[in-house]
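These figures come from a predicted structure and were not determined experimentally.
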Amino acid sequence: AKALIDRTYCLSLVHRVPSSDTNQLSGPYVEGLRNKVGGTITVARRSGATSAGQQISDFFRLWRIIEAGAAIAYADEKGDVKNDERGLHEAQSVGKAVVRTIKLTQATTK
């Protein structure tokens with residue numbers, strides 16, 4: 001996910017330069033992911049989940065992605081996340097929130 005984030009920052013204002021006449025930005029603007037819906041599910045061992053989630057949230061704001069929710073789960077070893085009942089419940093809630101938000105945005109654009 002971090003590689004995707006890092007490689008798309010350069011597209012956020014691609015080819016937009018100040019016009020010499022009006023000093024306003026002109027040129028083609030990349031709409032990219034604007035008004036798409038996203039949710040964040042972060043899995044961490046002990047620490048780092050908050051900063052990872054914050055980076056994804058910042059990415060959503062840059063691209064004007066509608067953020068439907070976020071969840072954190074914890075695991076010490078591969079497969080341990082299955083034992084984090086709260087984390088699994090939060091992840092399911094985020095998934096449901098993403099679907100609900102997509103349906104709401106589709107209903108308002110029709």
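- A search for side chain to side chain donor-acceptor pair (under 3.5 Å) contacts involving Asp6 returns Lys2, not counting sequence neighbours.
- Between the CD atom in Glu77 and the CZ atom in Arg45 there is a gap of 6.0 Å [rounded to 0.5 Å].
- When hydrophobic side chains of Ile, Leu, Val, Met, Phe, Trp and Tyr are connected at separations under 4.5 Å, Leu104 ends up as a singleton with no cluster partners.
- Atom-to-atom distance recorded for Lys82:NZ and Leu88:CG is 10.0 Å, nearest 0.5 angstrom.
- Considering every non-hydrogen atom in both Gly53 and Thr40, the closest pair reads CA-CG2, 4.3 Å.
- Membership of the apolar cluster around Val37 extends to Ile41, Ile66, Val94, Val98, Ile102, as traced through chained side-chain contacts below 4.5 Å between ILVMFWY residues.
- Pairs passing the side chain to side chain donor-acceptor pair (under 3.5 Å) check and including a residue from residues 85-95, sequence neighbours excluded, read Arg86-Glu90.
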Run the side chain to side chain contact (heavy atoms under 4.5 Å, CB included) check on Ile5 and Ile56 step by step: do they pass?
CA-CA 8 Å; Ile5 290 170; Ile56 295 170; 4.1 Å; yes

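- Scanning for side chain to side chain contact (heavy atoms under 4.5 Å, CB included) contacts around Ala1 gives an empty result, with sequence neighbours left out.
- From Thr108, atom OG1 reaches atom CD of Gln106 across 9.0 Å, with rounding to the nearest 0.5 Å.
- Counting heavy atoms from C-beta outward, Leu33 and Phe60 have side chains that stay 4.5 Å or more apart.
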For residues 67-76, run the donor-acceptor check on the side chains, cut-off 3.5 Å, and write out each pair with its distance to 0.1 Å, sequence neighbours left out.
| residue | atom | partner | partner atom | Å |
| --- | --- | --- | --- | --- |
| Glu67 | OE1 | Ser57 | OG | 3.1 |
| Asp76 | OD1 | Arg46 | NH1 | 3.0 |

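- Within a 6.0 Å sphere centred on CZ of Arg7, other residues, nucleotides and ligands contribute 12 heavy atoms or fewer.
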